[in-house]
Amino acid sequence: MALEPQVKQHATGIIRRLNRTYPEVECALAYQTPLQLLVATILSAQCTDERVNMVTRDLFKKHPTASDLAALSQAEMERLIKSTGFFRNKAKNIRACCETLVRHHGGDVPRDLDQLVQLPGVGRKTANVVLGTAFGMATGVVVDTHVSRLSQRLGMTVRQDPVRIEQDLMAQVPRKEWIGFSHRLIHHGRQVCKARRPLCDQCSLADVCPKRGV
DNA sequence: ATCCCGAGGG
DNA sequence: CCCTCTGGAT
């Protein structure tokens, strides 16, 4: 199914503006290894990145590797990550996830989307972040709450389902831009195109946005 | 569709 | 008080 030329032009204009506005932007989560990015991304569900970084700074200082993290008790892990919310599920998932990595992957993170998604607590969004950011292997566009909201406002999709949204975006955005596009949209969504009160008067995408001022 | 869940903004 | 924050599993 061929894409309308004007749809692709619309996307090109959005990408160009994002790249000019945020030439340096990258992943806002702090990490030193792929394993740490994986854990930080699991913690980032329904939580601000600043809070995740506060928690992981202490967590990774004493427990930097998968085997360190797998060795923590459920109660101790819960205590360390409590302020990120969903702490029971996240603690259980991180422990099981690290246990699996130690047992089946030598404590390393697999560079494979299908294997990543099988890990407890790891969905498509998390897997795309890790592969694209830590390994430089873009397997898709990262679709989180910000990317969903902004791609809808910008008229790049009318879907609600994250998988459908990702398909629409992958068709409009060149592969080499997938990860940068994701991070810039997320950054723009936090700073300007906010969920509650979007700052349309200071938005560098306003001239190509169907929803500007709404 | 629903649950998990703390923290901050308005 | 209500909404939102880089979701995932059931």
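Every chain is numbered from 1 and lettered A, B, ... according to where its sequence line falls, protein lines coming before strand lines.
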Base, sugar-phosphate or nothing for A:Ser182? Non-hydrogen atoms, less than 4.0 Å. nothing
Between B:dC5 and C:dC5, how many Å separate the two C1' atoms, rounded to a whole number?
12 Å
Taken to the nearest whole Å, CZ/A:Arg124 to P/C:dG8 is 11 Å
Between CD1 of A:Ile179 and C1' of C:dT6 the distance, given in whole Å, is 12 Å
Find out whether A:Leu150 and A:Ile186 are in side-chain contact, i.e. whether some heavy atom of one side chain is under 4.5 Å from a heavy atom of the other.
no
From NZ of A:Lys125 across to P of C:dA9 the rounded distance in Å is 12 Å
Taken to the nearest whole Å, CG/A:Leu119 to C1'/C:dA9 is 14 Å
By nearest-heavy-atom nucleotide on DNA chain C, the more 5' of A:Leu29 and A:Pro120 is A:Leu29
Do A:Ile15 and A:Pro174 have side chains that get closer than 4.5 Å, going by heavy atoms?
-> yes
Here the distance between atom P of C:dA9 and atom CD of A:Gln118, to the nearest Å, is 11 Å
> Would you call A:Tyr31 and A:Thr41 a side-chain contact if the rule is heavy atoms closer than 4.5 Å?
Replying inline: no
Quote, to the nearest angstrom, the P distance that separates C:dG8 from B:dA7.
22 Å
Contact check, residues 79-102 of chain A vs DNA chain B, heavy-atom distance under 4.0 Å, returns A:Lys82, A:Ser83, A:Gly85, A:Phe86, A:Phe87, A:Arg88, A:Asn89
Pairwise side-chain contact, A:Leu69 with A:Arg95, heavy-atom cut-off 4.5 Å (strictly under) = no
Within the 4.5 Å heavy-atom criterion, are A:Ser83 and A:Arg51 side-chain neighbours or not? yes
task = Before accepting this row, confirm whether a basic side-chain N of the pair A:Arg212/A:Asp207 lies closer than 4.0 Å to the acidic partner's carboxylate O.
result = no
Using atom P of each nucleotide, how far apart are C:dT6 and B:dG10 to the nearest Å?
15 Å
| query | Is A:Thr126 close to A:Leu116 at the side-chain level, that is, under 4.5 Å between some pair of heavy atoms? | reply | no
Residues of residues 40-68 of chain A with a heavy atom under 4.0 Å from any atom of DNA chain B, listed by number, are A:Gln46, A:Arg51
Min and max contacting nt of DNA chain B in 5' to 3' order, chain A heavy atoms within under 4.0 angstrom, are B:dC4 to B:dG9
Have A:His187 and A:Arg184 got a donor and an acceptor in their side chains that come within less than 3.5 Å? no
Nearest heavy-atom approach of A:Ile165 to A:Ser148 is CD1-OG, 3.8 Å
Q: Report yes if some heavy atom in the side chain of A:Leu185 is under 4.5 Å from a heavy atom in the side chain of A:Leu154; otherwise report no.
A: yes
| query | Below 4.0 angstrom, N of the basic side chain to O of the carboxylate: do A:Glu78 and A:Lys82 qualify? | reply | no
Residues at least two apart in sequence or cross-chain that pass side-chain contact (heavy atoms from CB on, under 4.5 Å) with A:Asp161, listed by chain then number, are A:Val163, A:Arg164
Between side-chain atoms of residues 188-197 of chain A and protein atoms elsewhere (two or more places apart, or another chain), which donor-acceptor pairs fall under 3.5 Å?
from	atom 1	to	atom 2	distance (Å)
A:His188	ND1	A:Tyr22	OH	2.6
A:Arg190	NH1	A:Asp49	OD1	2.6
A:Arg190	NH1	A:Asp49	OD2	2.1

Contact check, residues 127-156 of chain A vs DNA chain B, heavy-atom distance under 4.0 Å, returns none
### Query
Can you check whether A:Arg124 reaches A:Leu113 side chain to side chain, under 4.5 Å on heavy atoms?
yes
Separation of C:dC5 atom C1' from A:Arg197 atom CZ, nearest Å, is 17 Å
